[in-house]
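One structure is given below, encoded as structure tokens.
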Amino acid sequence: MVALIPLLPALGAAVNGLFGRRYIKENAHWVAVGACGLSFLAAVFTFTSFLREPQSYEVRMFEWIAVDPLRIELAFLVDPLSMLMAMVVTGVGFLIHIYSIGYMHGDGGYHRYFAYLNLFMTAMLLLVLANNYLLMFLGWEGVGLCSYLLIGFWFHKDSAANAAKKAFLVNRIGDAGFILALFLIYGQCKSLVFHDVMSQAHAFSTGLATAIGILLFVGAMGKSAQIPLYVWLPDAMEGPTSVSALIHAATMVTAGVYMVARNSAIYALAPAALNFMASVGAITALFAASIALVQRDIKKVLAYSTVSQLGYMFLSCGVGAYVSGMFHLMTHAFFKGLLFLGSGSVIHALGGEQDMQHMGGLRKHMPITAATFTIATLAIAGIPPLAGFWSKDEILAETFKNGHKLLWGIGALTALMTSFYMFRLLFLTFYGKSRVHHDKEHHLHESPRTITIPLSILAFLSIFGGVLPGFPPERGWIHGFLSPAISSVHHAKEILHGAAEHGAHALSLLDLTLMAVSIGAALMGLAAAWYFYLIRPALPGQWASRLKSIHTLLFNKYWVDEIYLSVFVRPLLKLCNRLWDFDLQGIDGIVNGASRVAVKSAEESGRFDLKFIDGVINDIGKLFDKWHDILRRWQTGFVQNYALVMVIGVLVLATSMFFIPYHF
Amino acid sequence: MNQTLPNFPLSILYPEMILTISACVLIFLARAFARAHKHTLSSIAFFSVIAAMGCAGSLWNFPRWENLIEFFLIDRYAIFFKLVLLVICALTILISKRFLSDTDTERGEYYGLILLATIGMMIMVSGADLITIYLGLETMAIASYILAAYFRSDERSSEAGLKYFLLGAFNSGIILYGMALLYGATGTFNLAEMHRIVSGLSGPAELRLLYFSLILLVAGFGFKIAAVPFHMWAPDVYEGAPTPVAAFLSAGSKTASLAVLIRVFTVAFGLFTELWQLWIAYISGLTMLFGNIAALRQTNVKRMLAYSSIAHVGYMLLGLASGIEMGSSAVLMYAFVYLFANIGLFASLILLTRNGVPKESTADFSGLSRRHPLIAFAVTIFLLSLTGIPPTAGFIGKFYLFMAAVKSGYIKLAVVGVLASVISLFYYMRIVMAMYMEKPADTDAAALQPSTSLGYAFSIMVFVILAVGIYPGPLLDLARESLSSIKILS
Amino acid sequence: MTHIFGTPILTLLCFLPLIGTLAIVIFTRKDEEKKIKNIALWFSVAAFLISLLILPRFRTDTAEMQFVERAEWIPAIGAEYLLGIDGISILLILLTTLLTVIAVLSSSTAITDRLKEYYGSLLLLETGMLGVFMALDFVLFYVFWEVMLVPMYFLIGIWGGPNRLYAAIKFFLYTLFGSVLMLLGILALYFLNADPAFGSGEHTFNMITLFNVQLPFHFQCWIFAAFFIGFAIKVPVFPFHTWLPDAHVEAPTAGSVILAGVLLKMGTYGFIRVCLPMLPQASEFFAPFVAVLAMIGIVYGALVAMAQTDIKKLVAYSSVSHLGFVMLGLFAMNSQGITGGVLQMINHGISTGALFLLVGIIYERRHTRKIQEFGGLAHVMPVYAALFAVTLFSSIGLPGLNGFVGEFLILLGAFQKELWYAAVAVSGIVLGAGYMLWLYQRVMFGTVTHPENKMLKDCSRREVLYMAPLIILMLWIGIYPKPYLRLIESSVMGTIQSLKRPSAGPDLMAMASQTPPETAALI
Amino acid sequence: MNLDTITLIFGTGLFFIGITGVLIRRNAIVVLMCIELILNGVNLTFITFSHIHGNLAGQVAAIFVIVVAAAEAAVGLAIVIAVFRRHPSINIDEFNVLKW
């Protein structure tokens, strides 16, 4: 049953991939959605049976790579963490599949799109269900591949093709870290199965654990778009919006968080790695949020917002609150998925327009989209009692309680900014006066039902996702469900932090204060956005010109892309060209570099003006040619010279007795 | 030398006698045949060589091959070389026919001189006595001078003859002086006796004489086999001489002189083995390098072949330097293997000659594969064999040589050797390139028609090269056996 | 055991293509194109089927040579006709026969001139390659090793690109240079083995006997150096690689496929067949040196590939990089490394072979390989783009495809040998993705900029047919490599066992000084 | 210094004079004569050694050499004449069509 979860989408992908172009064409969605739906059902089935009997188990398929003593199986692990992820992935995935039917309708690569999407589901499910690191890595790279394919789905656009390549390459850098971590783990444990590694993790030295932790986090940086490897995610918005929702918001980008949570046992031994992770997370959150403040492209804002929210998740994991991180991962999947889908609905309605300056007042034309979008905005901004509030607040609280006051401050500030830019987005898009081009205005329409139904379902989840599994969430079902998977870490954390846990059992005054701060931040952001964009729409422009330097800096995203380009990419290419020159001239030349002198001296003697007629062998050839020329010039044609050479030969032989130690 | 001729079976002299009679017939009675019977001339020559070959072969198991006549040995070593020389002679006759009729110079003297030179060579390899050797050598040399200058009307041929003669005669003087000193040191001309006496020599004066005679003989025979630095005549003579003559000289006179060199040095200079091996080693290295580098960009294929034959002598000397047992049998092997490819290439030059106009540049080979694929294939096999690429005989020859060199510890020399053969690949492959990868140079290049005799020659040579390359065992055994007969002499 | 259906199977397999060559030469006329092609195809398919026939009888539980065939050849020097295979060679043999079939198929429209010579050379080449992988006698090995140079030289030189003469002679010269040094190494081994102090005391070129030779360290080093140059040029290991781009670029498609797919493997095969088992201590000693060269090759190859403007050249340089991985794996000298190295040999044969085929497909249509001449091909040739994509991802080691399994094992092996090896090599993976994806973007993505490209036909049925087995293999090895790994396993273990063999100790060194001059001279 | 030594020295002298002549004289005929000088030097040496060793072998050799030298000279002159027919000079340094 577990095997079916990834297998079904794989089949769907294969069918659509092989036969889509010729035979299936417009009906590709039946295959894809069917496969995904069945996969979801399988996940639900597994999940419920797991709930009945909450005991982790592994399902072995076959031996994948076996070279003594390395044995790696294709096997699945069913435990709370993987089940939660599987549910999120298949659930959200299924919704987005449905959404895509409407969204991608009429696209030339319809079957291709669904094949990729199914392939993505397979890879992602392998990633979350894997029972060992290598299989996880397979999924990890697999989702990268699908991300590449889907970002570049409209490959006729150069920007899309570039973005796809960038995504894959940046991810590969991260993957390099991942795989090195994998080697370190194997070197220590002689196994790559999670279970074996976790049971031996306590024996890791701090240094090793830190190295592994940081390398794994490098992998996560790539996949989950953290500084400095976040640059691909904003560009990834070149793909279809449904893809952005599924891959670049709800599922794939959160793989890093999942992976970190999966390795909690190792991180527990590496406080330095944790601190590093928390700091990176917090800085990323703030950094991305600040960029999001001024972006005009609706998807770009959402993209930076995703980066920022992912920063939150790593902050959470970094301070040891893995469960909170996972919780936020789940709620984020709901509301960010919803936001993207909503924006997709808008873009769809506007015929591809993504600039918010050409939107406004869309509420009237597309009520369902507007309503669900508003819900999602409220959720992400952290307005209680929506889902986002609970998870975000929990992260901030955990950060504060674990003693990272500065990080908490950053987090709170980010929350304020999040609220501001999200409401800015909401107001600019759906409220206020319409700035839509006139020729587009009368085309405006609400999206078809395949789009609105997923929106509604996600909206529901965004509202209740936080409290549905129990109130307050900290003591709710999810936490109870997840903590066994991360129990080892709690154990370790107790050793590390002593009694840090004790406050979690009741809503203390501290909790309430922190909660108030985050609500306050959210509301402040809301109010500011309201003032700026609904009451005084001229104000943002004025501020922008007044704070021109900051605005330019933010608007250009700190020029990070440009810096990367000039610091890494261009020099690398230059190096490549240099090396090529070297290859053309150098290596063959080096071989006889020393002998060149001989050639030179031969040339100097003036008689030789040889062109290399055949040009057949480069420099060695030339060298021999020179010698050839010298040697054959000895052959003067004069008989007496020949006789002289003979006589000299005899004389040399005769005198050699003085040099050869030979005794009569 | 107060020997009365013993009662020996005349059959041991049959090969030489057959050839002599045939040569006399050809030279003196050629006029009688007139021009109408051109086929007869070459047929007489060819079949007498075949008959001689048969007689020589039948001597292989001759029961008492030690000192039957004191100055004329019929040991397996001699027979092996006689057979090789007769093969060379036969092939030369086969390839000459077309060339001579093309240039309208087919005369009895030509074949007669070829046979005479062969007789000289055969006497050389049978020589058990310095005087016999000298006589054989001069018989060969005088005939070759004339052959080189055979095209009287051709400036280049005459010049080649003149140069060959002047230098050859000069060299005879050197060899003779070496022999005189050797005689002075030992008081005998007989090699076997010399061997006995030399091992007992102790007086410094005698040793010094021996030493200088060694130097002179190295130079003298070095000249004959065209080893650096005594090689200078070879390129000019081969280029100028008529093509079949060049083939004959580069294969025959070299092989014969090498045979004598091995015999004289191993037998007479056993005392100095290490010394002359060292010299030969140096000469070998120089020769390999020089020959190959000088051949590198020759556009005249004949001249290129001249240099390449110098280079191949270098390889053979490598074997000689590597000791008596394995090294010398490798030399025998190589000499045999080399002759086919070498004559084959000269033959291809003959084939290209059109209406008496020599086509000797690399460019003349262009597009040969389209004009005559089989010939192109054969030439490729010859070239591969010369380079030493399996599955040709040349590979086995080189392999065995390098094996001997490694065995006796001449690693550096072996490295030089293998690198030199890599260099040689370059110029050999240029011909392959021209044949297969370039368009025919002249537009009227119709399909080439090899004459029957040339066709036979080509087939024989290709067959032998491939057969020896694939299954060299018998030849190796043959070479070893013939060499072991030298030891019986000593 | 050695006979299947009453025939000595290896001999049959090895010489079947040669018979094909002769059949073409003798029984066809120049203008009977169809007949020539059919003969070539059937003979290559027959060879492939025979190689498959071997598979079920192949025992995976032993490192011994199997199907050994033995006959007298040159008794005077102890050379025999000795064939046999083990787990390493059988895979390479299968790869060879498969790629030859594909090469024949892929040539049917690409080659229009001098078909007789072409297919004859191709089949002759196959005999040479198979012989190298089967020969267990050094002389025989060397003979096959050289024999295959000649047809390859012709393939490049006659049917190659504009600069083919240069490329052909360069290929020939480089390889010959290497192999003659190898020859000296072989001879040295031969004579040292004849010394009872080190080996079996007999004069033999039998590799199985020579596996047990135990040489003193300094002998090993010299012999290793000789073999190293021979094999490294073939592989090619940086900095001996400069012949490769030229040869690849100029060779016709089938030539490149065979060259990349099989010929390069002969170098690595040589390392694993000769250097590791016969010269264990020297291998151990030189391993860091080789590993460094391999790593330079990995990174350097990738970087230079990135600068290329010619697709084929790019693929050629990528081979330098990939073969660097193989070398790194082999010289990690542990089970994962060597297994990965061997598997990667196969993988590289499949994926780079496929890449060359793909390049050939568009070259045939457009007669250019310049990257800037293309763009947006995915619009006009969707199937082609898809095939290219799978191949490309296989080449850059995407998990789930064949390249990953090999690379992972290699990296794991390298990591266990020396931590930083893996760290450096991993960068090669990143760069590999870089140049390949950039290539793909420039060729496939974007809009169709050149009007000539608008009318390009997508892959024909024949082209898909010969790509299909490669694609299937990529997926198969990627997802379920176990059968392949099992084939390799015992032989690799055997190699590792022999690596642990002690060298001739100091007491033997003392004996060496009293050995006969023939060995003492080597010192 | 006995007679043998003197004749030996004399023979050697002839030999070297001949060699020098070959190396420096340009006229083909003169070179031919110098070669004869070499051979005569050799003959003298043979005969002297024959005397020293007390056997006849050396003298026999000398006779052989004289005979062969005559033949050689005949052939050589013929060649020189053949060349002279085409070329109005017998200066051997003017014959260098064949070189390099």
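Chain letters run A, B, ... following the sequence lines, proteins first and then strands; every chain starts at 1.
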Next item on the list: Please look at A:I179 and chain C and tell me whether the side chain, the backbone, both or neither of the residue comes under 4.5 angstrom of a heavy atom of that chain.
Entry: side chain
Next item on the list: Answer with side chain, backbone, both or neither: which region of A:A176 has an atom nearer than 4.5 Å to a non-hydrogen atom of chain C?
Entry: both
Check: Do C:F408 and A:L70 have side-chain heavy atoms sitting under 4.5 Å apart?
Finding: yes
Next item on the list: Establish, yes or no, whether a centroid distance under 6.0 Å links the rings of C:Y421 and A:F183.
Entry: no
Next item on the list: Could you go through the side-chain contact (heavy atoms from CB on, under 4.5 Å) check for A:F168 and C:L398 one step at a time?
Entry: CA-CA 11 Å; A:F168 196 89; C:L398 189 86; 3.8 Å; yes
Next item on the list: Side chain from CB out, backbone as N, CA, C, O: work out which of these in C:Q336 comes under 4.5 Å of a heavy atom of chain A, or both, or neither.
Entry: both
Item checked: Test item: A:R172 side-chain N/O and C:I429 main-chain N/O as donor-acceptor pair under 3.5 Å -> yes
Notebook entry, point to check: Out of curiosity, A:E63 CD to C:R486 CZ, how far, rounded to the nearest 0.5 Å?
Noted result: 10.0 Å
Item checked: Engaged part of A:L192 at the chain C interface, taking heavy atoms whose separation is under 4.5 Å -> side chain
Notebook entry, point to check: For C:G397 and A:E141, which heavy atoms make the closest approach, and how far apart are they?
Noted result: O-OE1, 4.3 Å
Check: Below 4.5 Å, heavy atoms only, C-beta onward: do A:I65 and C:P481 meet side chain to side chain?
Finding: yes
Notebook entry, point to check: Are any of the side-chain heavy atoms of A:N162 and C:Q441 separated by less than 4.5 Å?
Noted result: yes
Checklist line | Sub-6.0 Å ring centroid separation between A:Y186 and C:F415 | finding: no
Notebook entry, point to check: Side chain, backbone, both or neither: which part of A:L74 has an atom under 4.5 Å from a heavy atom of chain C?
Noted result: neither
Next item on the list: Can you tell which part of C:L431 gets under 4.5 Å to a heavy atom of chain A, answering side chain, backbone, both or neither?
Entry: side chain
Item checked: Contacting region of C:L412 [heavy-atom separation from chain A under 4.5 Å] -> both
Notebook entry, point to check: Rounded to the nearest 0.5 Å, what separation is found between the NZ atom of C:K482 and the CD1 atom of A:I72?
Noted result: 13.0 Å
Notebook entry, point to check: If you measure from CH2 on A:W580 to NZ on C:K313, what distance do you get to the nearest 0.5 Å?
Noted result: 5.5 Å
Note to self: Between C:T339 and chain A, with a heavy-atom cut-off of 4.5 Å, which part of the residue counts as in contact: side chain, backbone, both or neither?
What the structure shows: side chain
Next item on the list: May I ask you to name which of C:L343, C:I488, C:V405 has the most heavy-atom pairs under 4.5 Å with chain A?
Entry: C:V405
Next item on the list: Decide if atom NZ of A:K574 counts as having more than 12 heavy atoms of other residues, nucleotides or ligands within a radius under 6.0 Å.
Entry: no
Check: Atom SG of A:C576 and atom OH of C:Y300: how far apart are they, to the nearest 0.5 Å?
Finding: 10.5 Å
Next item on the list: Show the numbers, then the answer: is there a side-chain contact (heavy atoms from CB on, under 4.5 Å) between A:F155 and C:Y440?
Entry: CA-CA 11 Å; A:F155 53 79; C:Y440 195 73; over 6 Å; no
Margin query: At a 4.5 Å cut-off on heavy atoms, which part of A:N171 comes close to chain C: side chain, backbone, both, or neither?
Written below: neither
Note to self: Using the rule given for side-chain contact (heavy atoms from CB on, under 4.5 Å), can you reason through C:R442 versus A:K165, listing the C-alpha separation, both sets of side-chain angles and the distance that settles it, and then say yes or no?
What the structure shows: CA-CA 11 Å; C:R442 284 179 292 173; A:K165 184 185 66 192; over 6 Å; no
Notebook entry, point to check: Measuring heavy-atom distances to chain A, does C:L437 have an atom under 4.5 Å in its side chain, in its backbone, in both, or in neither?
Noted result: both
Check: Of the backbone (N, CA, C, O) and the side chain (C-beta and beyond), which part of C:M493 lies under 4.5 Å from a heavy atom of chain A, both, or neither?
Finding: side chain
Check: At a heavy-atom separation under 4.5 Å, does A:K190 approach chain C through its side chain, its backbone, both, or neither?
Finding: side chain
Next item on the list: Could you tell me which portion of A:L573 (side chain, backbone, both or neither) has an atom closer than 4.5 angstrom to a non-hydrogen atom of chain C?
Entry: side chain
Margin query: If I take atom CG from residue C:L419 and atom CG from residue A:L180, how far apart are they, to the nearest 0.5 angstrom?
Written below: 8.0 Å
Notebook entry, point to check: Using non-hydrogen atoms only, which part of C:Y435 is less than 4.5 Å away from chain A: side chain, backbone, both, or neither?
Noted result: neither
Next item on the list: For A:R578 and C:L303, run side-chain contact (heavy atoms from CB on, under 4.5 Å): C-alpha distance rounded to whole Å, both residues' side-chain angles, the deciding distance at 0.1 Å, then the answer.
Entry: CA-CA 10 Å; A:R578 285 274 157 74; C:L303 287 174; over 6 Å; no
Check: chain C: which of A:I173, A:L145, A:L149 shares the most heavy-atom pairs with it under 4.5 Å?
Finding: A:L145
Margin query: At a 4.5 Å cut-off on heavy atoms, which part of A:L575 comes close to chain C: side chain, backbone, both, or neither?
Written below: side chain
Item checked: Toward chain A, the part of C:Y484 with a non-hydrogen atom under 4.5 Å -> neither
Check: Can you name the nearest heavy-atom pair linking C:A307 to A:N577, along with the distance?
Finding: CB-OD1, 3.2 Å
Checklist line | Point-to-point distance, once rounded to the nearest 0.5 Å, from CE of A:M61 to CD1 of C:I479 | finding: 12.0 Å
Margin query: Please determine whether the number of non-hydrogen atoms from other residues, nucleotides or ligands lying under 6.0 Å from atom CH2 of A:W154 exceeds 12.
Written below: yes
Next item on the list: Among C:G340, C:A378, C:G376, C:G400, single out the residue with the greatest number of heavy-atom pairs under 4.5 Å to chain A.
Entry: C:A378
Next item on the list: For the pair A:W64 (side chain) and C:G478 (backbone), establish whether a donor and an acceptor sit closer than 3.5 Å, ignoring hydrogens and angles.
Entry: yes
